[in-house]
Amino acid sequence: MPAVSKRMSVKRVMVVPAALAALSLVATACGSKASDTTSAEGGGSATSCVDTSGDTIKVGSLNSLSGTMAISEVTVRDSIALAVEQINASGGVNGKQIEVVAEDGASEPTVFAEKAEKLISSDCVAAVFGGWTSSSRKAMLPVFEDNDALLYYPVQYEGLEASKNIFYTGATTNQQIIPALDYLKEKGVESLYLVGSDYVFPQTANREIKAYAAANGIEIKGEDYTPLGSTDFSTIVNKVRSADADAVFNTLNGDSNVAFFREYTNAGLKAADMPVISVSIAEEEVAGIGAANIEGQLTAWNYYQTVDTPENNKFVADYKAKYGADKPTSDPMEAAYTSVYLWKNTVEKADSFAVADIQAAADGVSFAAPEGEVVIDGDNHHISKTARIGEIRPDGLIYTVWESPEPIAPDPFLETYDWAADLN
């Protein structure tokens with residue numbers, strides 16, 4: 001897939017006036033364009049309580065440390081802590097040591113919104129790092145906009161959104177899902193079965209996949225959703241087997257992947273016959289599923305532990321030294337780690353912790369990340385990323401079998417794709 005070189009300017013907006021509106025979006029299947037109407041300058045009118053008078057500056061870490069998403073998010077919390085530790089050891093940010101206030105989103109969007117409000121209004125943090133599901137992000141979005149605060153969101157997502165109060169350091173659609181579809185098409189896939197968790201990201205992603213499929217001669221043979229945390233996949237796997245699609249596109253999240261792939265294996269389905277490409281399974285989920293149950297299956301991300309760069313070799317060594325030699329690294333962890341450094345670099349470019357100053361300085365800020373060089377697009381607050389298709393091997397690690405020739409510029413509203421015109 002060729003890299004998208006055109007920088008995208010987000011002109012279209014959607015008004016999200018209150019937290020209630022965002023929570024209603026959690027139940028919908030479509031993406032949204034976040035509001036930047038809280039201020040003509042892209043921020044709200046709230047007065048910040050961030051204290052910059054001392055030798056420390058507070059930031060928030062907000063991840064699911066309990067519930068169905070804990071299998072994925074605990075390690076994201078750990079990578080945020082690693083980045084903070086390294087930055088503090090190197091002198092901090094603008095001469096200040098970073099103090100982390102950690103909270104548990106408990107795998108519940110409403111809890112994420114409540115904890116975000118606490119971190120901003122009571123703990124007076126300068127920025128918050130975290131979130132995983134799109135439901136959690138959409139629940140938090142109006143909290144950050146109404147308080148004119150900053151969230152650094154580290155996970156790939158469905159796109160169709162941009163907010164001046166969020167920096168998206170995971171992939172948007174044209175940096176993950178579309179490269180995955182292009183890869184499958186190049187391999188001769190002519191039919192797909194769609195399996196996902198029943199919430200915003202999978203349903204919106206599958207709208208995009210179906211639009212791509214219609215434009216590229218790919219048949220969708222079935223589409224099934226199951227609640228987050230679901231563990232009974234016998235019916236869905238039987239339907240997948242009967243449909244006899246060329247491949248399965250998997251947008252399940254959290255520990256549902258464990259049950260799905262174990263049932264897939266028990267049903268006699270193998271990667272050689274009906275491969276599954278997943279966009280939310282990383283190295284730590286592979287360990288939970290068991291490599292024997294997922295060997296040979298495909299993933300689409302922007303980073304794997306096996307990426308061979310000096311920056312990644314150091315990141316992996318540092319992470320294992322802190323958390324254990326048996327602890328793998330993964331894409332969301334790397335994106336969260338990267339997000340802390342991007343915040344640091346932007347603060348230092350702006351010479352300020354103020355939200356408006358950071359927003360104004362963000363364009364072009366870069367970091368030599370473990371995944372490769374990343375650069376912030378100041379118009380849509382996403383970053384350039386290299387797309388990678390990986391194969392899961394018996395050792396439980398994921399190895400790159402294809403990657404984009406250069407980092408792909410973010411196109412969250414898919415404005416460069418004619419087939420996506422009706423999605424916005």
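A donor-acceptor distance shorter than 3.5 angstrom exists from the side chain of Ser107 to the backbone of Ser66, with no hydrogens or angles considered. Distance alone, capped at 3.5 Å, is enough to place a donor-acceptor pair between the Thr133 side chain and the Ser136 backbone. Remark: the backbone N or O of Leu192 is not paired with any side-chain donor or acceptor of Asp246 at under 3.5 angstrom. For the pair Glu371 (side chain) and Tyr303 (backbone), a donor-acceptor distance under 3.5 Å is absent.
Using a 30° and 60° split on the angle between ring planes, Phe367 and Tyr341 fall in the parallel class, below 30°. Taking the six-membered ring where the residue is Trp, His381 and Phe167 present parallel rings, their angle staying beneath 30° rather than reaching 60°.
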Item to complete: Evaluate the side-chain contact (heavy atoms from CB on, under 4.5 Å) criterion for residues Asn293 and Val258: first the C-alpha distance (whole Å), next the side-chain angles of each, then the deciding distance (0.1 Å), finally the verdict.
Response: CA-CA 9 Å; Asn293 293 314; Val258 177; over 6 Å; no
Discussion item. Would Met333 and Tyr319 count as a side-chain contact (heavy atoms from CB on, under 4.5 Å) here? Give the steps.
Written reply: CA-CA 10 Å; Met333 294 163 57; Tyr319 187 86; 3.2 Å; yes
Practice prompt. Decide side-chain contact (heavy atoms from CB on, under 4.5 Å) for Thr172 and Asp411; before the verdict, give the C-alpha distance in whole Å, the side-chain angles of both, and the deciding distance to 0.1 Å.
Written response: CA-CA 7 Å; Thr172 188; Asp411 180 6; 5.8 Å; no
Discussion item. Working note: Val248 + Tyr264, criterion side-chain contact (heavy atoms from CB on, under 4.5 Å); need CA distance, chi angles, decisive distance, verdict.
Written reply: CA-CA 11 Å; Val248 177; Tyr264 204 80; 3.7 Å; yes
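A salt bridge is absent between Lys115 and Asp104: the closest approach of a Lys/Arg side-chain nitrogen to an acidic carboxylate oxygen does not fall below 4.0 angstrom. One finds no salt bridge joining Lys164 and Glu145 here, because no Lys/Arg side-chain nitrogen approaches an Asp/Glu carboxylate oxygen to under 4.0 Å.
In this structure, Thr329 and Tyr304 have side chains that are not in contact, with every pair of non-hydrogen atoms separated by 4.5 Å or more.
Rounded to the nearest 0.5 angstrom, Leu82 CG and Tyr337 OH are separated by 5.5 Å. The line from CZ of Arg77 to OG of Ser61 is 7.0 Å long, rounded to the nearest 0.5 Å.
In this structure Asp318 satisfies the salt bridge (charged side-chain N to carboxylate O under 4.0 Å, His left out) test together with Lys314, sequence neighbours excluded. Judged as a ring-ring contact (aromatic ring centres under 6.0 Å, His included), and not counting sequence neighbours, the contacts of Tyr157 are Tyr168, His382.
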